[in-house]
Amino acid sequence: MVIAVASGKGGTGKTTLAVNLAFVANPRPVQVLDCDVEEPNVHLFLKGQTLESKTVSVTIPSVDEEKCSGCEECSNFCQFKALVVIGKTVLVFPELCHSCGGCRLICPEKTIDEVPRPIGKVETLQVQNDLLLIYGTLSIGVAMATPLIREVKNSRDHGAPLTVIDCPPGTSCPVIESIKGADVVLLVTEPTPFGLHDLTLAVDTVRVLGIPFGVVINRAGQNYPSLYEYLEKEKIPLIGEIPLNRAVAQAYARGDLIINSVSGYRAKIEEIFSRLIDLAEKSKRV
Amino acid sequence: MKIAITTTGKDLNSPLCERFGRTPFFMVYDTESDSFEVFDNSVNLNAPQGAGLQTAQNIARQGVSCVITGHCGPKAFFVLQKAGIKVFLAQNVTVKDAIAALKDGKLQEAKAPDVEGHW
Ligand code: SF4
Ligand code: SF4
């Protein structure tokens, strides 16, 4: 079972929920994947011993200028505009290259080779006997999050019973890459106009992927009926509400788990977890 | 000497286009023969990325020694530099006036990109 925790915007408490869910989740072992490779933060809450640390690279073209005829076929082919031909010099812009390998195939002079370009690293931590954290960190100046996210997802044990994915905020390619293949998505939102706006975008994204999903309202208690009206109108299951609460904020600031430090929260998170499982199972039966 | 000028129109009275990568046209003006030719650059207008690079390559292909535009981002500047093309910046002028200003030595050569990427 793979649960993806996402939200249309940052700062909704998505990571807190993902981490706390991982602690109540059953069956175990649980693997937590932090796919927010531009700003990973789950490891601030889950400490552990590093089991593995690997560098992730993509391949980019490298041109042997001695043999280049300047025909421009490579730059005409590259739909990402990562190659510029000036006379018989080919300039490669690694940050634009999507590593499709097409330029190498198309070059009539066979002057293009592939070289690795490191984009970041993936680390695996043993947090507890039955809890692993896998997270990716994109190198500074690298804009290519998607291949690194793919590697974070590939680094998990695909046979393990439960995976919780902390997705990057937003609704762009990296989010889709993180959610893809999940059995159920938990969308975290806030009862504010901004929260609702970003939620509607996230809902559109998840619907395109055809994955069952439910919504948790974080910092609930503020009066914002439009959010509830939206959920009702769209028939989106509201699977939990986490009230705005001083004790929660304090636990968060200390890096503590809310399930352990705020009374009544363990039951709340357990309920969210079991309703997520229900959602996933129900859609499998249909 | 051949000069490239980014422009929104097709003649000497057209305004200079200040966006280098997303200029709809560029004119190549030959100071020896006082003649010019206009090249369509509109394929880059809606390019999600690399518009400046592509425009720079298109301009470099014409064998110009300098270019006059409004603003130039880092990647395009790098390509132009590699191609040995000098970049001059001008704003709120027609193509004709920009060429005249360059000839009179009134335009300052840009030694570095003056805007961030995605301009
Ligand atoms: S590998 Fe693909 S994306 Fe990269 S430069 Fe070559 S053609 Fe462009
Ligand atoms: S396709 Fe090959 S030969 Fe042609 S410009 Fe590119 S690198 Fe040079």
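Below, chain A is the first sequence line, B the second, and so on; all start at residue 1.
- Residue contact with chain B, scored on non-hydrogen atoms closer than 4.5 Å, involves the side chain of A:Glu95 exclusively.
- The two atoms that bring B:Gln57 and A:Ser75 nearest to each other are NE2-OG, 3.0 Å, heavy atoms only.
- Under a cut-off of 6.0 angstrom, the local environment of CD in B:Gln91 is crowded, with over 12 non-hydrogen atoms contributed by other residues, nucleotides or ligands.
- The CD1 atom of A:Ile86 sits 10.0 Å away from atom CD1 of B:Ile59, with the distance rounded to the nearest 0.5 Å.
- Across A:Val85, A:Thr89, A:Leu83, the residue that shares the most heavy-atom pairs under 4.5 angstrom with chain B is A:Val85.
- Within 6.0 Å of the CD atom in A:Glu234, the count of heavy atoms belonging to other residues, nucleotides or ligands exceeds 12.
- Within a 6.0 Å radius of CD in B:Glu109, other residues, nucleotides and ligands contribute more than 12 heavy atoms.
- Taking a 6.0 Å sphere around NZ of B:Lys103, one finds it holds more than 12 heavy atoms contributed by other residues, nucleotides or ligands.
- Around NZ of A:Lys54, the count of heavy atoms belonging to other residues, nucleotides or ligands within 6.0 Å exceeds 12.
- Within the model, atoms CG of B:Leu53 and CG of A:Leu96 stand 6.0 Å from one another, a figure rounded to the nearest 0.5 Å.
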